[in-house]
Number of protein chains: 2
Amino acid sequence: MSLPHAILTALLEKPSSGLSLTRRFDRSIGYFWSATHQQIYRELGKLEQAGFIRALPSDQPSRGQKKEFEVLPAGRTELTRWASGEQDSKPIRDALLLRMRASAVVGRAGLDEELRRHLAQHRGQLAEYQEIEGRDFGAAADPQDRLRRLVLRAGIGLETFWVQWLEEALAEVTDMDAAEGAGGGSGG
Amino acid sequence: MSLPHAILTALLEKPSSGLSLTRRFDRSIGYFWSATHQQIYRELGKLEQAGFIRALPSDQPSRGQKKEFEVLPAGRTELTRWASGEQDSKPIRDALLLRMRASAVVGRAGLDEELRRHLAQHRGQLAEYQEIEGRDFGAAADPQDRLRRLVLRAGIGLETFWVQWLEEALAEVTDMDAAEGAGGGSGG
DNA sequence: AGCCTCATGTAAGTCGTTACATGATTGT
DNA sequence: ACAATCATGTAACGACTTACATGAGGCT
């Protein structure tokens, strides 16, 4: 149950409409908590009903009209409560690792292309993070920026790990293919 | 849509009943794709109906009786198809990072205890992985073991990253607390 | 009028989580 | 008989995904 708190955080950083929230979930916030516009609109409705946020009164509430939300005191209280509690991290859930394990059973046809594709994607993401770090965080001073930089450095560390691991995996798979000749898969 | 394929992989490695599958999803397979017994039973029903698996005929199909499943040729074909296709990895979804970002807005009360707690958990998981690597993978020879070892090394790499990052984050937060005096949070 | 974009929303279905129900086997 | 454990399920709900619907404003 983290989406409402992600939205509260985003709205405290800056009051926004549903669509501009959606765009922020495609960038900064979305780097560690993604959400579609359907999820966001539904959750905005719930948060408004719960008294955690409200629509800014300047906007008329008709369909197709922009509607901006801000966080109410009760919403800030709820976010504080949630942020200071305990919550275990979820176990890893990664389809690529699952597919590698499946490849060990049914053969690894197409595996190396897939590894290359993921490698390119993670390199791209890493470059994007590094560019943000260079642009937005020179010599971080205030606590807010230091915390946000820590979060960004988690993204950088994770992408760095994936790039290294994919390079290792690619070398290993290439070596396995060479050792087995032109045959390809090991399935059967 | 990866759970059916996780189950097909597990059943190809070794035909099993629902409960023994559940136990394997708490260990080896579960290290990168977790599932509860309710998910597994539901999915076994679907897979059987789709003609991908069948119950071993020796077992009588009454409630409370063990029922073992094996993969049919159609199931193997489906798993091969899935494993050789393209599939982008999902973006990161990590509640701890979200909570750090929230802490940047509402204050970081309790944050350092939470970081310490996660650090201990990741250290424990890392030790478990390393023990498995030392026990099950001496000098990996056949392709199956090499692929499985690669998967395990991904787990080791990820946990290593988290341990390092949490140590860095803990040092940073401690320093921030010291710089601000005994006050505590930066919220408001 | 027709089309595109911005913006908000509905509907249907799958996946995942939590709680509970039922039957079989084993030990006392 | 009773309890504990093994084993297979049902039910209900919430989270997430995908496709579609509706309305406003600007442009040609």
Side-chain angles (χ1 to χ4, degrees), chain A residues 1-8 10-11 15-26 29-30 32-50 53-56 58-69 82 87-95 98, chain B residues 1-8 10-11 15-26 29-30 32-50 53-56 58-69 82 87-95 98:
Chain A
M1 254 253 302
S2 299
L3 178 57
H5 304 99
I7 291 177
L8 287 173
L11 287 181
S16 307
S17 66
L19 192 61
S20 50
L21 267 180
T22 301
R23 289 198 178 117
R24 290 168 66 193
F25 273 84
D26 283 338
I29 308 239
F32 48 90
W33 202 273
S34 63
T36 64
H37 84 273
Q38 290 87 345
Q39 281 177 276
I40 289 168
Y41 282 118
R42 194 188 332 163
E43 206 63 43
L44 282 172
K46 287 189 197 171
L47 287 168
E48 190 176 23
Q49 214 176 359
I53 63 174
R54 66 160 185 178
L56 288 183
S58 56
D59 308 297
Q60 61 269 43
S62 106
R63 190 166 182 148
Q65 287 289 352
K66 199 159 89 169
K67 205 160 105 186
E68 297 230 313
F69 290 94
W82 175 81
Q87 200 176 329
D88 288 351
S89 60
K90 290 204 172 177
I92 304 165
R93 219 124 188 281
D94 189 282
L98 187 55
Chain B
M1 250 253 302
S2 299
L3 179 57
H5 304 99
I7 292 177
L8 287 173
L11 287 181
S16 307
S17 65
L19 191 63
S20 50
L21 268 180
T22 302
R23 289 197 178 117
R24 291 167 65 193
F25 272 84
D26 282 338
I29 307 236
F32 49 90
W33 203 273
S34 63
T36 65
H37 85 272
Q38 290 86 345
Q39 281 178 276
I40 288 168
Y41 282 117
R42 197 197 316 177
E43 205 63 43
L44 282 172
K46 286 188 197 171
L47 287 168
E48 190 176 23
Q49 214 175 359
I53 63 173
R54 67 161 185 176
L56 288 183
S58 56
D59 308 298
Q60 60 269 44
S62 106
R63 189 165 183 150
Q65 287 288 355
K66 198 160 90 170
K67 206 160 102 184
E68 297 230 312
F69 290 94
W82 175 80
Q87 200 176 328
D88 289 351
S89 59
K90 290 205 171 175
I92 303 165
R93 218 126 188 281
D94 189 281
L98 187 55

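Proteins get letters first, then strands, A, B, ... in listed order; numbering begins at 1 in each. The analysis underlying the following values was restricted to heavy atoms, covering all of them including side chains, and did not include hydrogens, waters or symmetry mates.
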field: B:Thr22: side-chain contact (heavy atoms from CB on, under 4.5 Å) partners, not counting sequence neighbours
entry: B:His37, B:Ile40

task: Mind calculating the distance between CZ (B:Phe69) and C1' (D:dG9) to the nearest angstrom?
output: 11 Å

query: For B:Leu3 and D:dC16, what is the distance between atoms CG and P respectively, to the nearest whole Å?
result: 17 Å

query: Which of these nucleotides, C:dC15, C:dT17, C:dC6, is closest to any side-chain atom of A:Leu19?
result: C:dC6

- request: May I ask you to evaluate whether B:Lys46 reaches the phosphate of C:dC15, defined as a side-chain N or O under 4.0 Å from OP1 or OP2?
  value: yes

message: Without decimals, in angstroms, what is the distance between B:Met1 CE and C:dG13 P?
response: 17 Å

Given DNA chain D, 5'-ward residue of the pair B:Arg42 and B:Gly18, judged by closest heavy atom: B:Gly18

query: When the distance from CD of B:Glu43 to P of D:dT8 is rounded to whole Å, what number comes out?
result: 16 Å

- request: List for me each residue that meets salt bridge (Lys or Arg N to Asp or Glu O under 4.0 Å) alongside B:Arg54, sequence neighbours excluded, and say none if there are none.
  value: B:Glu70

query: Which nucleotide sits closest to the side chain of A:Lys66: C:dT8, C:dG16, D:dA15?
result: C:dT8

query: Quick one: B:Glu68 CD to D:dC6 P, roughly how many Å, whole number?
result: 16 Å

- line: Considering only heavy side-chain atoms of A:Tyr41, the closest of D:dT17, D:dG9, C:dT8 is C:dT8

task: Look at A:Lys90 and C:dG16 and indicate whether a side-chain polar atom (N or O) is within less than 4.0 Å of OP1 or OP2.
output: no

- prompt: With a 4.5 Å limit on heavy-atom distance, are the side chains of A:Trp82 and A:Met1 in contact?
  reply: no

- prompt: Which parts of residues 32-39 of chain B get close to DNA chain C, meaning a heavy atom less than 4.0 angstrom away?
  reply: B:Thr36, B:Gln38, B:Gln39

- line: Taken to the nearest whole Å, CD1/A:Ile40 to P/C:dT10 is 16 Å

- prompt: Rounding to a whole Å, what distance do you find between B:Leu47:CG and C:dC15:C1'?
  reply: 14 Å

Sub-4.5 Å side-chain heavy-atom contact between A:Ile7 and A:Ile29: no

task: For the residue pair B:Leu8 and B:Phe69, establish whether any side-chain heavy-atom pair is separated by less than 4.5 Å.
output: no

query: Heavy-atom distance under 4.5 Å between the side chains of B:Glu48 and B:Leu44, does that happen here?
result: no

- prompt: Roughly how far, to the nearest 0.5 Å, is the CG atom of B:Leu47 from the NE2 atom of B:His5?
  reply: 8.5 Å

message: Please report the distance, rounded to the nearest Å, between NE2 in B:His5 and C1' in C:dC15.
response: 14 Å

